[in-house]
Amino acid sequence: RNALELEVALKNLCDNIALMEGNNKTYEINYLITPLIPEDRVTDNVAVFRKIIEDNKGFVLGEDQVKMQKLSYTINKFDNAYFGWFRFSVGADVVDNIKKEFSKNEKVLRALITEVGKDNVAQFAVRKIPGMAKPEGLTSETAEKVEIKPEQIDKKLEEILKKSSL
């Protein structure tokens, strides 16, 4: 029996490799799901999402564990949601179908699919703007802290207002 299971697994692996070598592209889907799901049931929902991709001849390349996130703005009256993502390889002709199936699921608040280039790696580098030199020796550790009292602010505002009314 183990030999038969191994043979089936090997065939599935070969089929997936053949799919990936075809006209497939790599995509990433980011999704938010309702916070009303109990934490111990979230993985069941993620399995449903994985199945959507696999049922559309997709091959999951990576995913992250779903985490509760505070939202920047309210979505469907929720301030928090579970955030997760999948990176997958699939034919371009079924991407819309995957998006529709995610959107049809009532537990999904939002889903966004983006195409990922083959060599696309997120790079976070400090951008240098020409002509903008950093002042020598000025860092947050060396900067002097100045305490300003509310009376000083009021006095300065009065001075500014007097100048602007002249």
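No experiment lies behind these values; they were computed from the predicted model shown. When a residue number appears, it is its place in the shown sequence, counting from 1.
- In terms of hydrophobic clustering, with Ile, Leu, Val, Met, Phe, Trp and Tyr side chains grouped at heavy-atom distances under 4.5 Å, Val116 and Val94 are assigned to different clusters.
- Contact between Ile53 and Phe59 at its shortest, heavy atoms only, is CG2-N, 4.4 Å.
- Annotation for Asn45 and Arg41: closest pair ND2-O, 3.0 Å, computed over non-hydrogen atoms.
- Contact record, Glu115 with Tyr27: CA-CD2, 3.7 Å, taken as the closest heavy-atom pair.
- The hydrophobic cluster containing Phe49 also contains Val60, counting ILVMFWY residues as joined when their side-chain heavy atoms lie under 4.5 angstrom apart, directly or transitively.
- In this structure, Met68 and Pro35 approach most closely via the heavy-atom pair CE-CB, 3.8 Å.
- Residues Val46 and Val108 share a single hydrophobic cluster, defined by chaining ILVMFWY side chains whose heavy atoms lie under 4.5 Å apart.
- Defined by atom type and a distance below 3.5 Å, a donor-acceptor pair is missing between the side-chain atoms of Glu101 and Asn105.
- Taking 4.5 Å as the limit, every side-chain heavy atom of Val90 sits out of range of all side-chain heavy atoms of Lys25.
- Residue Ile33 holds its CD1 atom at 9.5 Å from CZ of Phe102, rounded to the nearest 0.5 Å.
- Note on Val95 and Ile52: same hydrophobic cluster, where clusters join Ile, Leu, Val, Met, Phe, Trp and Tyr whose side-chain heavy atoms are under 4.5 Å apart, directly or indirectly.
- The backbone N or O of Ile113 sits nowhere less than 3.5 Å from a side-chain atom of Tyr31 that would complete a donor-acceptor pair.
- Residues Phe83 and Gln69 approach most closely at CB-CG, 3.6 Å, considering heavy atoms.
- Within the model, atoms CZ of Arg50 and CG of Asp55 stand 12.0 Å from one another, a figure rounded to the nearest 0.5 Å.
- Between the side chain of Asn24 and the main chain of Gly91, a donor-acceptor pair closer than 3.5 Å is present.
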task = Carefully, step by step, assess Phe78 and Leu109 under the rule side-chain contact (heavy atoms from CB on, under 4.5 Å).
result = CA-CA 9 Å; Phe78 294 114; Leu109 300 176; 3.9 Å; yes
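- Side chains of Thr43 and Val66 form no contact here, defined as non-hydrogen atoms less than 4.5 Å apart.
- In this structure, Trp85 CH2 and Lys67 NZ are separated by 9.5 Å, a value rounded to the nearest 0.5 Å.
- Leu112 and Phe86 fall into different hydrophobic clusters, where Ile, Leu, Val, Met, Phe, Trp and Tyr residues are linked whenever their side-chain heavy atoms come under 4.5 Å apart, directly or through other members.
- Ion pairing of Asp96 with Lys99 is absent here, as no side-chain N (NZ or NE/NH1/NH2) approaches a carboxylate O to less than 4.0 Å.
- From Arg110, atom CZ reaches atom CD1 of Ile75 across 4.5 Å, with rounding to the nearest 0.5 Å.
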